[in-house]
2 protein chains.
Amino acid sequence: MVYRRTHQVVKRLAARRSAILAAARDAAAEGGMSAVQIAPVAVRANVAAGTVYRYFPSKADLISELIAEVSRDELAAIRRAADAAPGPSSALAAAVTTVAVHVLSQRRLAWGILAEPVDVDVTASRLASRREIAGEIASRIDAAVRAGHLPAQDTALAATALLGALHEALVGPLAPDNLEDPARLRDAVQTVTLLALRAVGVMDARARGLVVQAVLPAKTLVGA
Amino acid sequence: MVYRRTHQVVKRLAARRSAILAAARDAAAEGGMSAVQIAPVAVRANVAAGTVYRYFPSKADLISELIAEVSRDELAAIRRAADAAPGPSSALAAAVTTVAVHVLSQRRLAWGILAEPVDVDVTASRLASRREIAGEIASRIDAAVRAGHLPAQDTALAATALLGALHEALVGPLAPDNLEDPARLRDAVQTVTLLALRAVGVMDARARGLVVQAVLPAKTLVGA
DNA sequence: AGCCCGCCTGAATAGTTGTTCAGTTCTTGA
DNA sequence: TCAAGAACTGAACAACTATTCAGGCGGGCT
């Protein structure tokens, strides 16, 4: 055996893999999932089309990993925001606001990850992604229920419904289109957060209070 | 001119067009939008593939018309249910319940119409469909607001969010899977309707009352 | 009956992309 | 420097379906 992967080579391979993933992510953020085609992604990553297949068995695997990566980032952000909140209701508000802000700050990517038609099967990956995020929201709802702040309910279904509402209202085809304006963006985030909190049973007045509290820290996320 | 379309021919042409659309609808209901391919649809409709193109300029047009047709049916059902309700809040509850029941009774078709990846561009048609349904819901929310039953709000955004919540919770990939059972189906419909009503500001207790009232007439729709 | 014209057929066409692979280049260890 | 093998290249391949069109078929007019 006269050839072994030296540390330097391992690093280069890892860098290349990251570059391909990053290229895919950039392409998705710019042109949606339909722009994530092997040849263009390879060009972006400065490799040949064939090389992509040395790192990902198929396009489906590439996109699945992209979805998983974005999903991990989002989940971490949600946890960070919720854990920083003073109580279970605030945590729920923070979690919802975080989802809203994230989704809005990368609408095209979010749409691609969530719902855009793709020519390969990535349902499993999307399912896993939603399951994770929905699970996190569900556990936050659950905490608020246990604390006696909300009526008992099917938290899994509620979490799913909440995410559906956020996504449809903010990145779906009927989403308002003037969200470049920061003020409008904040309004939209507040509105959907308010809807979400009321949906799970928070009283209107209290929900309004939670919303403004949650939006303050979330504003810092918009820049990030 | 020695050839003119006789009445009989006109009828046959119309029947064939309907047959093709019905075949497409059946295919979508059975196997989702991916099953709506020209050749299989043509077989179902007892015509040759080429004939489909005498009635629809392209596959995109065929699917667009399918979407429009289903959308029309749904809109009519919503209006019927809402108009039969005694007051604006009941009407809203009835509208939401109707959407939920419809969507659940044809989950595969609904998923195809709403969100399933299609290999041709039908975004315009889907957009129009959502706009119609969302507009109807929005006007029902608006009526309840004007009647003083709900707080003032962005009704268009609220309607969009409501539909997103319904769709994601009932036909999305995280939707519960035991909905064949009528009792579970009713539970799911009630749960999401309750969420929707609370989201727009109906008090929990009142919302629960509206839900049970709305589900009674809607039960008859399940069979239809 | 006979001619005409348009509808219908379905095999062939065409365009799009994911995937492969033979040949080339680069890296390693002696 | 060189042999060996891994990594990379990119043009060719493959598969899938929407779409077309030349030729047949049948209904409509005189």
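Every value quoted in this text rests on a predicted model; they were computed, and no experiment measured them. Hydrogens, waters and symmetry mates are skipped; everything else that's a heavy atom, side chains included, is used. A, B, ... follow the sequence lines: proteins, then strands. Residue 1 opens every chain.
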Of the nucleotides D:dG28, C:dT27, D:dA7, which one has an atom closest to the side chain of A:Val9?
C:dT27
Below the 4.0 Å mark, does D:dA7 have OP1 or OP2 next to a side-chain nitrogen or oxygen of A:Arg12?
no
Picking from D:dC8, D:dG28, C:dG18, which would you name as closest to the side chain of B:Gln8?
D:dG28
Check the distance between D:dG10's P and A:Asn46's CG and give it to me in whole angstrom.
11 Å
By nearest nucleotide on DNA chain C, pick out whichever of A:Thr51 and A:Pro40 is the more 5' one.
A:Pro40
Interatomic distance, B:Asp121 CG vs D:dA18 C1' [rounded to whole Å]
15 Å
So what does A:Phe56 hit on the nucleic acid, given a heavy-atom distance under 4.0 Å: a base, only sugar-phosphate, or nothing?
nothing
The answer to which of B:Ala60 and A:Ala48 contacts DNA chain D further toward the 5' end, by nearest nucleotide, is A:Ala48
Which heavy-atom pair separates B:Ala158 from B:Gln153 by the least distance, and what is that distance?
CB-OE1, 3.8 Å
Do B:Ser58 and B:Asp61 have side-chain N/O donor and acceptor atoms under 3.5 Å apart?
yes
Spacing between B:Tyr53 atom OH and C:dT9 atom P, to the nearest angstrom:
15 Å
Residue closer to the 5' end of DNA chain D, A:Leu13 versus A:Ala49 (nearest nucleotide):
A:Leu13
Classify B:Val47 by what it touches in the nucleic acid, base, sugar-phosphate, or nothing, heavy-atom distance under 4.0 Å.
sugar-phosphate
Specify the separation, in whole Å, of atom CZ of B:Arg17 and atom P of C:dC7.
14 Å
Separation of B:Asp61 atom CG from D:dA18 atom P, in whole Å?
14 Å
Which nucleotide, D:dA7, C:dC8, D:dT19, lies nearest any side-chain atom of B:Ile38?
D:dT19
Measuring to OP1 and OP2 of C:dC8, would you say a side-chain N or O of B:Arg16 lies under 4.0 angstrom away?
yes
Main chain of A:Asp187, side chain of A:Thr191: is a donor-acceptor contact present, judged purely on distance under 3.5 Å?
yes
Please state how far atom CZ in A:Arg54 lies from atom P in D:dC8, giving the value in whole angstrom units.
6 Å
With distance as the sole test, does B:Arg130 use its side chain to make a donor-acceptor pair with the main-chain N or O of B:Leu114 at under 3.5 Å?
yes
Between C1' of C:dT9 and CD1 of B:Ile20, the distance in whole Å:
13 Å
With the side chain of A:Asp119 defined as its heavy atoms from C-beta on, choose the nearest nucleotide among D:dC8, C:dG18, D:dA18.
C:dG18
Donor-acceptor pair, B:Arg140 side chain versus B:Ala91 backbone, under 3.5 Å?
no
Could you check how far CG of B:Leu62 sits from C1' of D:dT17, rounded to whole Å?
14 Å
